[in-house]
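Written below as structure tokens is the structure these notes are about.
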Amino acid sequence: MRRCAKCSDKGTIYLPEHRLSLCKTHYLEWFESRVEKAIKSFRMFSKEDNILVAVSGGKDSLGLWHALWKLGYKADGLYINLGIGEYSELSEKKAKAFADKIGKKLHVVYLKENIMDIPTLKELQSRPACSVCGTLKRYYMNLTAKKLGYSVIATGHNLDDECAVLMGNVLSWNIDYLVRQYPVLEEGNGFVRKVKPLCLVSEKQSAMYAFLSGIDFVEDECPYAVGASSISYKLIMAKIEEESPGTKLRFYLEFIRKVRPMFALKQNVKLNPCQVCGEPTTGDVCSVCRLKMRLEASKAGMKQNF
Ligand code: AMP
Ligand code: FES
Ligand code: ZN
Ligand code: ZN
């Protein structure tokens, strides 16, 4: 039986990539110190910042909010209700219950009131719901943070998420996306700073943290996420990780340290305020306002190809 490396109690959690065995108390402490390490080494934010945590109701984002709260950061939550039936209702309920439990504010934005819910949007177009949904979530996160005066937006992307995106971008040598893959996207040009404080912890570690902290989170994935390529990349990475613990962390951190700086010189995208809503865009009108215009045009109910 392995014993906790900190207190010699019977260890219940073994972390092969760190060759570390920890009891429950020391695991929770270790996880929070990993989050703190990411915040400090990538200079994400300080105790003075007002942070808006984007929460989906799942283990990662609620776990992140919990860890930030425990570490003494000023962090409120933002839930974007996508209008995906029971899935969205349950997620909102759990996010609200969690906010009450830690005594923090949860802001809720309803896509239906601002543009259109995801199922209706899916009916009207042939593109996969997830790509438009991602754009809308990013848009309303930025808009809400600015409106309410938050200086940082934190999301619950973990190491597995980052590795899956990195793998996809490497497989097609998508340099523009590789340049942007970093746990901090600086503020400026109308964007609020965006950070990923869970980038050093795996999905399994994050699930364990949420579970051991007694967080009541939504276990179901979004019903539209089925079949996303990131899921198969995650499975492939998990197989490699199992055979060679530490691969994911090395793949990600060595990219950040050695490879990304070689591409970073190429970064010079010009942004202007959208002529309709004022949010940053590379064109004259941003993609969300263009989407709104097309939705207006197709109100007659015709299925359009956009
Ligand atoms: P996903 O793209 O679903 O893997 O989610 C990545 C991150 O985006 C989560 O960890 C959250 O921080 C954030 N997020 C996802 N869905 C929502 C939502 N409905 N409302 C607010 N934030 C969200
Ligand atoms: Fe947006 Fe699934 S379509 S989370
Ligand atoms: Zn211990
Ligand atoms: Zn716009």
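In listed order, ligands and their atoms are each counted from 1.
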For P197 against A38, the heavy-atom pair lying closest together: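 So the two residues come closest at O-CB, 3.5 Å.
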Closest heavy-atom pair and its distance - S56, S61: N-OG, 3.0 Å
D161 heavy atom under 4.0 Å from ligand 1: no
Selected option - heavy-atom contact closest to atom 18 (C) of ligand 1, from L82, I118, L78, I80: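 It is I80 whose heavy atom sits nearest to atom 18 (C) of ligand 1.
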C274 SG and C289 SG subtending at the Zn ion (ligand 4) (10° steps): 110°
C286 atom SG and C277 atom SG as seen from the Zn ion (ligand 4), angle to 10 degrees: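 C286 SG and C277 SG form an angle of 110° at the Zn ion (ligand 4).
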Positive for ring-ring contact (aromatic ring centres under 6.0 Å, His included) with Y182, one of Y252, F42, Y177: F42
Parallel, tilted or perpendicular: rings of W65 and F98 (30°, 60°): tilted
side-chain hydrogen bond (donor to acceptor under 3.5 Å, both in side chains) between N158 and S206, intermediate numbers included: CA-CA 8 Å; N158 58 41; S206 167; 5.0 Å; no
4.0 Å heavy-atom contact, E221 with ligand 2: no
Pairwise distance CG(L198) to CZ(F31) - rounded to 0.5 angstrom: 5.0 Å
Sub-4.0 Å protein heavy atom next to atom 4 (O) of ligand 1: no
Lys NZ or Arg CZ of R260 over F255 ring: under 6.0 Å, within 45°: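 Judged by the rule (NZ or CZ under 6.0 Å from the ring centre, within 45° of its axis), R260 is not positioned above F255.
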Nearest protein heavy-atom contact for [atom]: which residue, which atom, what distance?
{"atom": "atom 2 (O) of ligand 1", "result": "K137 NZ, 4.1 Å"}
{"atom": "atom 14 (N) of ligand 1", "result": "S56 CB, 4.0 Å"}
{"atom": "atom 11 (C) of ligand 1", "result": "A54 O, 3.1 Å"}
{"atom": "atom 9 (C) of ligand 1", "result": "G156 N, 3.8 Å"}

Atoms of ligand 1 close to T155 [distance to a heavy atom under 4.0 angstrom, numbered from 1]: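 Contacts of ligand 1 toward T155, numbered from 1: 12 (O).
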For H157, atoms of ligand 1 separated by under 4.0 Å from a heavy atom: 6 (C), 7 (C), 10 (O)
Member of Q205, R250, K248 meeting the side chain to side chain donor-acceptor pair (under 3.5 Å) criterion with E17: Q205
2.8 Å cut-off met by an N, O or S atom of C222 to atom 2 (Fe) of ligand 2: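 An N, O or S atom of C222 is closer than 2.8 Å to atom 2 (Fe) of ligand 2, so yes.
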Close-contact set for ligand 2 against C133 heavy atoms, below 4.0 Å: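 It comes down to these atoms of ligand 2: 1 (Fe), 3 (S), 4 (S).
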E186 CD: over 12 foreign heavy atoms closer than 6.0 Å: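 Yes.
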Worked verdict on Y87 versus E221 for side-chain hydrogen bond (donor to acceptor under 3.5 Å, both in side chains): CA-CA 9 Å; Y87 167 73; E221 287 279 329; over 6 Å; no
Within reach of ligand 1, part of V55 (heavy-atom separation under 4.0 Å): backbone
